[in-house]
Amino acid sequence: MTGTTADPIRSLEGVVSAAALELGGTPVAGARLERPPRRDFGDFSSNAPMLLAPIVREPPREVAERLGQRVADALGPELERVEVAGPGFLNLFLADAWFREALGAAAAAEDAYGRLPATGLRHLVEFVSANPTGPITVASGRHAAWGDSLCRILEAAGHHVQREYYVNDEGSQVLRFGESIRARARGQEPPDDGYRGAYVADLADRLGAGANASAAELAEAGVELMVEEICASLERFRVRFDRFFREHELHREGAIESALALLRERGHVYEHEDAVWLRTTELGDDKDRVLRRSDGEYTYFAADIAYHLDKADRGFDRLVDLWGADHHGYVGRVQAAWRALGHDPDALELLIMQLVNLVERGQRVQMSKRQGEIVTLDDLIDDIGVDAARFFMLQRSHDTTLDLDLALAREQSQDNPVYYVQYAHARIASILRKAGDARVREALSADLSARGDALNTSERDLVKRVLELPAEIAIAAERRAPHRLTTYAHDVAQDFSAFYRDSRVVGAAEDGDDEDFRLTLAVQAKRVIARSLDLLGVEAPERM
RNA sequence: GCGCCCGUAGCUCAGUGGAUAGAGCGCUGCCCUCCGGAGGCAGAAGUCGCAGGUUCGAAUCCUGCCGGGCGCGCCA
């Protein structure tokens with residue numbers, strides 16, 4: 001049955017699908033097992049009969065009856081009973097034997113549990129990419145947490161992942177940055193459109209900038225220092241990149257010219273009023289875009305096309321870009337350019353990250369700022385810590401504005417979801433310490449299926465929850481939805497609390513209960529919480 | 001004006017075709033002879049923005065409208 005795999009729910013789904021195939025003569029697309037909304041609808045519920053009904057031309061409930069019979073035959077004693085319900089659901093009530101075997105299988109997988117089979121697909125995820133003209137802000141912090149967590153989840157889902165930060169070290173912004181440093185070095189105010197943060201004067205000091213250094217030199221040196229600082233802030237936030245890709249490389253290697261030549265060859269380029277244009281309107285954009293300005297300079301857009309071409313040439317199956325909300329007007333033209341280059345539109349995903357509002361008791365707040373007018377990621381971490389910052393930033397989907405409640409995030413109590421989850425983990429650790437290593441190992445090597453006592457509701461609920469991890473990871477990866485893991489981790493913690501309330505673990509044997517089963521379940525709940533938190537980049541403490 | 005995103009409980013949000021729509025916060029009430037009370041249980045609270053449509057079935061898909069956010073440079 002399911003004992004040889006680390007995804008017992010999937011195996012069960014396979015049994016139902018096989019039965020549906022026999023009945024319908026053809027595979028049923030979209031059939032799945034889901035957790036029913038109410039406990040009296042069983043442990044798992046299949047929508048297969050409703051999908052099968054049109055194929056076999058029978059009422060869904062009749063199909064469900066026949067499917068139920070076959071599933072019952074296939075599962076034998078692991079199934080308690082099936083019920084047909086509602087519009088044609090097949091509800092499965094599983095026997096305790098199934099729960100024991102399933103838990104045993106999950107526990108036997110140890111650290112591999114929740115790690116999905118390799119897909120061979122190579123992903124390049126580009127995120128943060130904040131201009132290297134200032135420290136990392138809270139908004140960029142959300143990009144960092146989210147992008148990094150997505151990468152962790154993609155890896156768990158079996159994909160190969162490369163993390164990349166695109167450094168805009170060219171162009172007018174950078175020059176203005178250099179001019180601002182130079183002004184400070186001369187004891188002057190930066191230009192009106194320059195960078196006015198306190199860190200600029202600090203950079204001027206650290207560079208030992210003489211009054212006659214050029215803005216371009218100062219810009220280059222300033223960018224290098226900023227990249228180092230950004231890197232350090234991100235490292236502190238547990239975010240590491242495989243590569244910082246400099247825009248400068250594209251200019252130096254003639255990559256922009258060759259991208260432009262390729263576009264020209266493919267017939268998408270024209271000249272107008274001394275500028276070179278890309279005809280993006282033919283590919284879904286609302287206006288054509290300039291690639292090279294009339295002054296001969298390439299636009300940021302041209303460099304970005306060259307960058308994406310470079311990524312594609314490196315042989316990735318999937319490019320994921322995470323951009324700020326202020327860049328969403330840019331999506332159409334980059335997609336158009338991507339298609340102009342002849343690439344599969346689905347291979348490039350452009351995701352937009354919405355803004356972060358810092359909130360305290362319902363009011364927008366101004367934090368005390370280390371760097372003048374900018375609220376930096378470091379300021380936030382100093383205030384609420386890395387774990388709370390990451391967890392809170394990951395609780396929401398990327399396309400919704402985030403209200404981050406600082407008061408709640410600071411709170412070290414059960415009201416704070418990150419503490420609630422970490423507390424559950426620490427509490428299980430404490431229980432297992434009390435049991436002792438040797439006793440825990442003994443429990444893990446016991447054959448749970450040989451036991452006979454009835455499981456209680458909260459034990460069964462926790463087993464089911466723990467078994468959901470592989471599917472949760474798969475869905476989070478597919479939908480680019482790290483926030484699902486925050487919900488899941490909280491659910492596990494909650495189900496553990498119910499289990500713990502109802503069932504004594506250490507000393508269960510004295511009451512005649514199955515202590516091996518309970519210890520194994522506690523171990524597995526702890527692993528699953530730790531795994532979920534790891535995918536979020538949040539620590540799972542043994543003690544608090 | 002055009003484009004994209006959002007509109008679900010008092011608040012912040014989950015829920016990408018299925019059953020009586022969920023969680024956290026807040027609110028009300030209850031539970032500490034028990035492995036961590038940094039805990040648990042129960043309750044009140046919803047015209048899923050509005051109106052049509054598709055479907056056996058719609059918070060979910062389509063169309064229109066209303067409200068909010070963001071974007072619409074030979075800036076990056």
Side-chain angles (χ1 to χ4, degrees), chain A residues 30 34 36-38 40-41 45 47 50-51 53-54 59-60 85-89 91 131 133 168 170-176 193 247 272-277 284-287 289-304 324-333 350 352 354-355 357 359 361-362 392 395-405 407-408 411-417 419-420 422-424 426-435 475 478-479 481 483-484 486-488 490-491 494 497-498 500-508 518 522 543-544:
Chain A
E34 46 196 40
R38 279 167 40 192
D40 50 301
F41 289 159
S45 167
N47 61 347
M50 290 177 284
L51 298 168
F89 287 103
N91 292 339
N131 283 345
T133 52
N168 297 129
E170 288 274 343
S172 55
Q173 295 292 342
V174 174
L175 194 60
R176 230 167 292 167
D193 54 355
E247 182 183 350
H272 176 66
E273 291 180 348
D274 296 327
V276 178
W277 296 72
D285 197 9
D286 40 13
K287 54 183 80 163
R289 308 292 174 174
V290 170
L291 293 168
R292 197 175 67 202
R293 292 183 273 165
S294 49
D295 64 5
E297 291 290 312
Y298 289 109
T299 58
Y300 175 85
F301 179 46
D304 217 15
D326 55 340
H327 277 64
H328 92 244
Y330 201 70
V331 169
R333 77 189 71 169
L350 306 175
I352 297 300
Q354 296 298 328
L355 300 171
N357 296 321
V359 169
R361 286 178 299 274
F392 274 71
Q395 274 186 295
R396 306 283 174 249
S397 146
H398 67 87
D399 55 15
T400 188
T401 306
L402 173 74
D403 281 4
L404 201 166
D405 187 332
L408 183 60
E411 215 169 297
Q412 311 224 347
S413 77
Q414 73 279 5
D415 295 343
N416 181 342
Y419 278 89
Y420 181 79
Q422 290 182 315
Y423 177 75
R427 197 184 207 184
I428 299 172
S430 159
I431 293 163
L432 297 178
R433 274 196 299 274
K434 179 157 183 161
I475 293 170
E478 261 167 47
R479 298 186 191 169
H483 68 272
R484 291 190 63 109
T486 62
T487 306
Y488 177 69
H490 196 269
D491 286 343
Q494 229 165 17
S497 293
Y500 177 73
R501 176 194 68 230
D502 295 341
S503 306
R504 188 174 174 194
V505 178
V506 176
R518 290 182 181 171
R543 292 186 162 82
M544 289 174 76

Close side-chain approach of [X] to [Y], heavy-atom, < 4.5 Å:
X: A:Arg333; Y: A:Phe301; result: yes
X: A:Asn357; Y: A:Leu404; result: no
X: A:Tyr488; Y: A:His483; result: no

Could you tell me the separation between the CG atom of A:Asn131 and the CG atom of A:Asn168, rounded to the nearest 0.5 Å? 4.5 Å
Distance from A:Asp415 atom CG to A:Leu408 atom CG, nearest 0.5 Å? 7.0 Å
Write down the distance between [atom1] ([X]) and [atom2] ([N]), rounded to a whole number of angstrom.
X: A:Asp491; N: B:rG24; atom1: CG; atom2: P; answer: 9 Å
X: A:Gln354; N: B:rC70; atom1: CD; atom2: P; answer: 10 Å
X: A:Asn416; N: B:rC25; atom1: CG; atom2: C1'; answer: 11 Å

Any chance you could list the contact pattern along [range]? Use B for base contacts, S for sugar-phosphate-only contacts and - for none, protein heavy atoms under 4.0 Å, 5' to 3'.
range: nucleotides 31-37 of chain B; value: ----BBS
range: nucleotides 57-63 of chain B; value: -------
range: nucleotides 71-76 of chain B; value: SSSBSB

Taking all heavy atoms of [X] and all of [Y], pick out the closest pair and write down the distance.
X: A:Ser497; Y: A:Arg427; result: OG-NH1, 4.0 Å
X: A:Arg504; Y: A:Arg518; result: O-NH1, 2.8 Å
X: A:Lys287; Y: A:Asp285; result: O-OD2, 3.1 Å
X: A:Gly30; Y: A:Asn47; result: O-ND2, 3.4 Å
X: A:Asp193; Y: A:Arg176; result: O-CD, 2.9 Å
X: A:Thr133; Y: A:Val174; result: CG2-CA, 4.5 Å

Taking the inter-plane angle between the rings of A:Tyr330 and A:Tyr300 on a 0 to 90° scale, is it parallel (under 30°), tilted (30 to 60°) or perpendicular (over 60°)? tilted
Any protein N or O atoms within reach of nucleotides 26-29 of chain B? Criterion: under 3.5 Å, listing atom names and distances.
none

When the [atom1] atoms of [M] and [N] are compared, how many Å lie between them, rounded to an integer?
N: B:rG37; M: B:rU47; atom1: C1'; answer: 41 Å
N: B:rU28; M: B:rC34; atom1: C1'; answer: 28 Å
N: B:rG67; M: B:rU8; atom1: C1'; answer: 15 Å
N: B:rA44; M: B:rG3; atom1: C1'; answer: 43 Å
N: B:rA14; M: B:rC41; atom1: C1'; answer: 23 Å
N: B:rG57; M: B:rC66; atom1: C1'; answer: 28 Å
N: B:rC62; M: B:rU54; atom1: C1'; answer: 7 Å
N: B:rC61; M: B:rG18; atom1: C1'; answer: 14 Å

State the pairing partner of [N]; accept Watson-Crick or G-U wobble contacts with both distances under 3.5 Å, and report none otherwise.
N: B:rC70; answer: B:rG3
N: B:rA23; answer: B:rU12
N: B:rC41; answer: B:rG29
N: B:rG17; answer: none
N: B:rC61; answer: B:rG53

Are the side chain of [X] and the backbone of [Y] linked by a donor-acceptor contact shorter than 3.5 Å?
X: A:Asp295; Y: A:Glu297; value: yes
X: A:His272; Y: A:Trp277; value: no
X: A:Thr299; Y: A:Leu291; value: yes
X: A:Asp403; Y: A:Val359; value: no

Show the distances under 3.5 angstrom between N or O atoms of the protein and N or O atoms of nucleotides 13-19 of chain B.
from	atom 1	to	atom 2	distance (Å)
B:rC13	OP1	A:Thr401	O	2.6
B:rC13	O2'	A:Arg396	NH1	2.7
B:rA14	OP1	A:Ser397	N	3.2
B:rA14	O3'	A:His483	NE2	3.4
B:rG15	OP1	A:His483	NE2	3.0
B:rU16	OP1	A:Arg479	NH1	2.4
B:rA19	N6	A:Ser45	OG	2.4
B:rA19	N6	A:Asn91	OD1	3.2
B:rA19	N1	A:Asn91	OD1	3.3
B:rA19	N1	A:Asn91	ND2	3.1

B:rC32: syn or anti, per glycosidic angle within 90° of 0: syn
Taking only residues two or more places apart in sequence or in another chain, which ones pass ring-ring contact (aromatic ring centres under 6.0 Å, His included) with A:Tyr500? A:Phe496
Scan side-chain atoms only and decide if A:Ser397 and A:Asp399 contain a donor-acceptor pair under the 3.5 Å cut-off. yes
Look at the side-chain N and O atoms of A:Tyr420 and state whether any lies under 4.0 Å from the OP1 or OP2 oxygen of B:rC25. no
So, is A:Gln494 near the phosphate of B:rG40, with a side-chain N or O under 4.0 Å from OP1 or OP2? no
